[in-house]
Amino acid sequence: PGFAEEAAIVRETFDLHFRKGWGGKRIADLLNRRGVRSPQGKQWSQHQVEVIYEQEVYTGRSVGNRTSSAIYHERKASAPKRVILDAAIQATAVNIPVRQRPISEWFVQDQPRMENFLDPELRKLAMAEHERLWARRGDIDREKKSKSRHQASDYLLSGILHAKQDGESLVGALCGRVGKKVRYYRHRRGNRDYIKGGIYSRMVQAKPLEDAVVKLVSELLMTDVGLRDRIMTAIKAESARAVDGEPLAELQQRREQVKRRTILIVSKLDDETLADAKPELDRLKIERRSLDEQIAAAESANAMRMIDPGAVADAVLAQLRQMAQNVGQMPIFALRQLIAAVVGSVVIDMETKAVEVQMMVPLDENFLGGHVEGKAMRLVGTSASSTSDETHPIIRVELGISTAESAAWAAGRVTTAGGRHSADQGVARPEPQTP
């Protein structure tokens, strides 16, 4: 069973991360402030905490054979499996990159003694998040990791709340007496260029604004009758962009020729003369990446032609409705992800405190899930290379634009019930109403 004190630290780490959405850095800082030492007797680091809450054995199962950096052979149940490694990587890479192996090759084993280590609800949350974590790591088309340093904060609108005057984003701030501090959003200029009475020195109370935005998103997702038609229109428009290019078979044949030429160069030259061939290898590497992108675009175009816009629109709409119903029960990190996905921007006038919220439904793989086979919704012509720095664009369907005065937001009176809706543009402008 282990030491009770150490087990308590692990359980608290899981609770803080999976229930409250805290990140590794924030948890490490908390443990260090308490004077809790790491297993090495030193202060905790962010990585040490992340290793703990990403470790699946605490949920009652262990997984092996998930990744590999083998050069020639890798472990398999019956016999070693030969690795087919790109010849250019094998010849030029200082370290072989770690790659995720197919799920069918993983070794998954239940650990009955650890099954009750976490409470049932927390165990379920952790297992579901672990599944999403590894599915994302295995997706070569995943978006870049956010560089925000405040992803685990309690401020739902971080990164999407902007000032109307100059477009700069507002940041979170705690103000008030010790033990009674209140969350606000403030303009950065109010801190670095403070002017008494200036508009940039004003702050916006966080909770009323966040509650109103969450309520608005939930109501619009549940009541927008024209959303299905706009989703179908976006899907049809994207399908129409899937124009014919070079046939897929010819692209694959050219890709195979580049591969054979690379192998031939590497196999015929020794270490001394291989350096002389490096320019040619680099040229082949660039050509290979370009062909990979064209092949991915051709496959995407083929998949787009097979899509039933009506069925996909129904599936996406059902998912949105379900999310809207569960807003009240979502943990803070899940709610933050929903707001970041659906709310395009929140613009506030620093002088009048009037607010405008723009909401968009992103038709990316997080929303489409398994409703579309393959990578059908990836925009045609974008890169599929795992080494590319390009981030795939996302199709967005306008959900609505809402405006309200700050007094109505603060009083919680903003509602879509009496809002004016325009079916052709999907614009909703809710008006303040008396409770």
Side-chain angles (χ1 to χ4, degrees), residues 143-151 153-173 183-190 199-200 202-221 224 226-227 230-231 234 320 323-324 327 330 332-364 366-367 391-406 408-410 414-416 419-422 425-432:
E143 293 184 16
K144 290 182 180 179
K145 186 178 180 180
S146 172
K147 295 182 180 179
S148 171
R149 296 177 295 172
H150 306 289
Q151 293 184 75
S153 74
D154 296 329
Y155 294 88
L156 293 180
L157 305 181
S158 292
I160 58 177
L161 178 60
H162 303 271
K164 179 180 179 180
Q165 279 72 13
D166 60 358
E168 187 166 342
S169 61
L170 274 64
V171 296
R183 294 186 304 114
Y184 289 89
Y185 289 101
R186 64 168 177 80
H187 198 285
R188 287 186 171 92
R189 288 175 61 178
I199 60 174
Y200 295 117
R202 301 176 183 179
M203 295 194 296
V204 184
Q205 196 168 339
K207 190 175 187 309
L209 179 59
E210 292 169 352
D211 290 346
V213 171
V214 170
K215 180 182 178 183
L216 189 63
V217 168
S218 178
E219 290 184 355
L220 278 179
L221 289 178
D224 191 346
L227 181 57
R230 294 201 300 281
I231 293 175
L320 290 170
M323 294 170 68
V327 160
M330 283 185 177
I332 188 69
F333 75 91
L335 186 58
R336 186 182 300 107
Q337 291 174 355
L338 172 62
I339 295 300
V342 176
V343 177
S345 67
V346 180
V347 179
I348 183 166
D349 190 319
M350 297 300 294
E351 184 174 7
T352 65
K353 298 293 180 71
V355 180
E356 178 177 285
V357 184
Q358 182 186 32
M359 286 158 287
M360 311 288 282
V361 178
L363 294 185
D364 59 5
N366 291 329
F367 276 80
T391 301
H392 301 316
I394 297 175
I395 311 170
R396 290 185 178 271
V397 178
E398 184 176 7
L399 178 61
I401 299 176
S402 305
T403 59
E405 297 299 323
S406 60
W409 288 92
V414 176
T415 175
T416 59
R420 299 188 297 274
H421 294 266
S422 173
Q425 295 185 11
V427 176
R429 299 188 181 276
E431 300 173 342

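Note that the structure is predicted; figures quoted are calculated from it, not measured.
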Of all heavy-atom pairs linking Arg202 and Glu351, the shortest is NH1-O, 2.7 Å
Counterpart residues, side-chain contact (heavy atoms from CB on, under 4.5 Å), relative to Asp211 (two or more places apart): Lys207
Those residues at least two apart in sequence (or on a different chain) that pass side-chain contact (heavy atoms from CB on, under 4.5 Å) with Val214 are Leu156, Val327, Leu335, Ile339
Working to the nearest 0.5 Å, report the span between CE of Met350 and NE2 of His162. 13.0 Å
Residues that Gln165 engages under side-chain hydrogen bond (donor to acceptor under 3.5 Å, both in side chains), provided they are two or more places apart: Asp349
I need the minimum non-hydrogen distance between His187 and Ala163, along with the two atoms involved. CD2-CB, 3.6 Å
Side chain proximity check, Gln358 to Val347, heavy atoms < 4.5 angstrom: no
A side-chain contact here means heavy atoms from C-beta on lying under 4.5 Å apart; do Tyr200 and Asp166 qualify? yes
Ignoring hydrogens and angles, tell me if any N or O in the side chain of Arg188 forms a donor-acceptor pair with the backbone of Val171 under 3.5 Å. no
With sequence neighbours left out, the residues meeting side-chain hydrogen bond (donor to acceptor under 3.5 Å, both in side chains) with Lys164 are none
Going by the side-chain contact (heavy atoms from CB on, under 4.5 Å) test, name the single residue among Leu161, Leu216, Val217 that passes it with Val343. Val217
Who pairs with Tyr185 by side-chain hydrogen bond (donor to acceptor under 3.5 Å, both in side chains), at least two apart in sequence or on another chain? Glu210
Do you know which two heavy atoms are closest between Tyr155 and Gly172, and how far apart they sit? CE2-CA, 3.5 Å
